[in-house]
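Convention: sequence-line order gives letters A, B, ...; per-chain numbering from 1. Below, each value reflects all heavy atoms present in this structure, side chains not excepted, and no hydrogens, waters or symmetry copies.
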2 protein chains.
Amino acid sequence: MENTGDNGCEASDDGRTLKSLERSFAIISELKEREVAGVTELANATGLSKGSVHKHLATLRAGDFVTKDDRAYRLGLRFLDIGADVRNQIEGNTLIQEKLRELAEETGETAQFTVREHGRAVVLYRETGMQGVFSKGRVGKRFHIHHTAAGKAMLAQMPREEVQRLIDTYGLTAATENTITTETALFDELDKVRKQGFAINESESTRGLRAVAVPIVDSDENILGAFAIAGPAHRLKHEQLENEISDLIHRSVNELELNLAHS
Amino acid sequence: MENTGDNGCEASDDGRTLKSLERSFAIISELKEREVAGVTELANATGLSKGSVHKHLATLRAGDFVTKDDRAYRLGLRFLDIGADVRNQIEGNTLIQEKLRELAEETGETAQFTVREHGRAVVLYRETGMQGVFSKGRVGKRFHIHHTAAGKAMLAQMPREEVQRLIDTYGLTAATENTITTETALFDELDKVRKQGFAINESESTRGLRAVAVPIVDSDENILGAFAIAGPAHRLKHEQLENEISDLIHRSVNELELNLAHS
DNA sequence: AATAAAATTCACTAATACGAAACAACTATG
DNA sequence: CATAGTTGTTTCGTATTAGTGAATTTTATT
């Protein structure tokens with residue numbers, strides 16, 4: 001696995017941020033990767049002293065952000081508590097879940113609702129159909145926005161200069177040999193998406209994974225997110241995605257948009 | 001709504017914790033309750049200066065724990081990212097979801113998988129059946145352990161002195177007029193639960209809500225959590241819970257325990 | 001356009017987070 | 001069973017830095 005700098009926790013030395021908090025983030029980050037770790041291990045990983053790491057962990061523990069069994073520290077469920085709360089704050093979340101469920105049932109594949117946050121695409125809800133789980137993309141997972149169908153669907157709704165800004169900030173990193181990595185290719189793709197009304201992901205994030213996505217916008221043209229259906233390339237043929245499946249998603253998105261407008 | 005001190009974020013003045021981190025927690029806590037807030041509002045709420053709150057928010061923002069639109073600060077999806085990751089670390093999570101789904105489908109009600117963390121019961125997974133959502137208990141939500149069927153199911157599996165310790169630490173706060181609030185009543189109830197093999201919640205956490213729960217233990221007697229079915233009292237009759245539904249959950253739990261033992 | 005309010009930046013200082021080392025608790029090993 | 005070797009926890013002095021309050025910039029309001 002290449003390090004694309006995903007868990008951005010480099011300490012910044014300008015005086016505009018709290019260093020101690022950043023150190024906590026670093027500890028959390030390391031703990032996330034390791035699932036379970038001890039004080040010494042984390043001290044080595046972060047470059048902090050054992051005593052300091054201990055203090056951080058003790059504080060995080062008091063806030064339920066970290067658990068400790070014996071000498072094994074883990075991340076706690078407070079993150080889920082807050083995360084689920086944040087997720088439930090978006091309007092129409094129950095409706096969104098219902099629609100996803102319909103989609104998952106009708107297609108038998110995985111249906112996802114994705115939003116963007118900063119420059120990333122984040123999967124907020126996920127329902128899997130009968131065909132079972134073809135994972136990648138668990139809830140909460142953050143993707144580079146140009147790697148995913150949902151991401152491209154959202155980008156296509158954004159003004160060109162905003163897309164440009166995202167490119168300038170985050171670049172166009174590759175995930176597979178199919179990933180779009182040049183500006184011109186991306187803008188061409190977004191034009192196509194805009195014309196079609198849906199975006200397709202042809203193994204651009206994971207080899208063997210296909211997906212279609214349709215953007216969701218409210219009456220004020222705000223991008224709320226995107227619905228997507230994803231599955232293994234051997235089950236989901238390209239023509240299916242372009243026809244039946246994109247139609248299904250469109251129908252769901254339209255119904256959702258209508259319902260949201262009346263509330 | 002009474003303040004039971006749920007979001008425990010009182011600053012402790014012993015030198016064993018990081019004060020600046022605790023202040024961040026306080027800000028996060030306030031932000032969670034308000035959904036959206038500005039610097040001044042948070043400064044007033046926490047008693048910190050505007051400048052300081054700003055610095056905290058800037059740092060949290062850099063870590064994707066907070067988002068800012070215009071002058072509106074909100075909690076970010078990083079919490080969901082980490083939370084979902086923590087949740088997925090528990091063994092057999094896919095199996096658990098499958099079983100919940102079966103249960104939700106068979107009963108038409110809401111099926112939940114709950115674990116304990118520290119003295120609380122936390123809903124980790126949740127599947128809703130056709131009868132629709134009778135909410136309370138979204139994913140990640142933390143309950144006082146004696147308020148819920150799942151909590152009582154887990155307590156019944158714990159050694160008496162550990163239960164005692166929890167009571168001593170957290171007390172037996174009331175949520176409704178049915179909540180068990182005395183030690184003797186609780187221990188009696190746990191005896192009953194142990195004999196029956198399931199726990200019932202008769203409007204002990206929310207008026208009009210009934211639930212049954214069965215504990216899940218592994219081959220080493222470790223308590224992994226509990227499965228529960230919950231729904232409105234008018235749909236779920238007491239006899240149903242004691243008979244058909246508790247049997248259904250038992251079957252699922254047994255299958256799950258078996259599967260977990262072989263891995 | 002003018003005024004008000006809120007967010008951000010700045011400089012200074014008191015608070016405190018950090019590191020190093022001592023101490024305690026637990027593991028492994030002979 | 002004793003001893004050496006880890007690992008976690010606590011203590012303490014000090015350098016760092018987090019916080020305050022005011023100045024400055026930005027955004028909203030009249």
Would you say the side-chain atoms of B/E22 and B/T17 include a donor-acceptor pair closer than 3.5 Å? yes
Under the salt bridge (charged side-chain N to carboxylate O under 4.0 Å, His left out) test, which residues partner A/R23, sequence neighbours left out? none
Measure CD/B/E22 against C1'/D/dG19 and give the value in whole Å, please. 15 Å
Those residues at least two apart in sequence (or on a different chain) that pass side-chain hydrogen bond (donor to acceptor under 3.5 Å, both in side chains) with B/E255 are B/K99
According to ring pair (Phe, Tyr, Trp, His ring centres under 6.0 Å), who are the partners of B/H147, at least two apart in sequence or on a separate chain? B/H144
The answer to which of A/A72 and A/R23 contacts DNA chain D further toward the 5' end, by nearest nucleotide, is A/A72
Can you name the ring pair (Phe, Tyr, Trp, His ring centres under 6.0 Å) partners of B/Y73, sequence neighbours left out? none
Shoot me the first and last contacting nucleotide of DNA chain C against chain B, ordered 5' to 3', at under 4.0 angstrom to non-hydrogen atoms. C/dA6 to C/dC18
Rounded to whole angstrom units, what separation is found between the CG atom of A/L57 and the P atom of D/dT9? 8 Å
Ion pair check, B/R78 and A/E117, cut-off under 4.0 Å: no
Distance-only polar pair, side chains of A/S205 and A/T148, donor-acceptor under 3.5 Å: no
Once you round it to whole Å, what is the distance between P of D/dT6 and CD of A/E41? 16 Å
Charged N to carboxylate O below 4.0 Å: is that the case for A/R120 and B/D64? no
Could you say whether A/H56 or B/G38 is positioned toward the 5' end of DNA chain C, judged by the nucleotide with the nearest heavy atom to each? B/G38
B/S/- along nucleotides 25-30 of chain D (protein heavy atoms under 4.0 Å) is --SS--
For B/E91, give me all partners under side-chain hydrogen bond (donor to acceptor under 3.5 Å, both in side chains), at least two apart in sequence or on another chain. none
Under 4.0 angstrom, heavy atoms only, what part of the nucleic acid is B/S49 near: base, sugar-phosphate, or nothing? base
Contacts of B/T59 that satisfy side-chain hydrogen bond (donor to acceptor under 3.5 Å, both in side chains) - sequence neighbours left out: none
Report each atom pair, protein N/O against N/O of nucleotides 10-13 of chain D, whose distance is under 3.5 angstrom.
unit_1, atom_1, unit_2, atom_2, d
D/dT10, OP2, A/H54, NE2, 3.4

In degrees rounded to 10°, what angle is found between the helical axes fit to the five outermost pairs at each end of the helix from C/dA1-D/dT30 to C/dG30-D/dC1? 50°
Strictly by modelled atom types, are A/Q157 and A/E221 linked by a side-chain donor-acceptor pair under 3.5 Å? no
Tell me every residue that passes ring pair (Phe, Tyr, Trp, His ring centres under 6.0 Å) with B/F227, counting only those two or more places apart in sequence or in another chain. B/F113
List the residues meeting side-chain hydrogen bond (donor to acceptor under 3.5 Å, both in side chains) with B/E35, not counting sequence neighbours, and say none if there are none. none
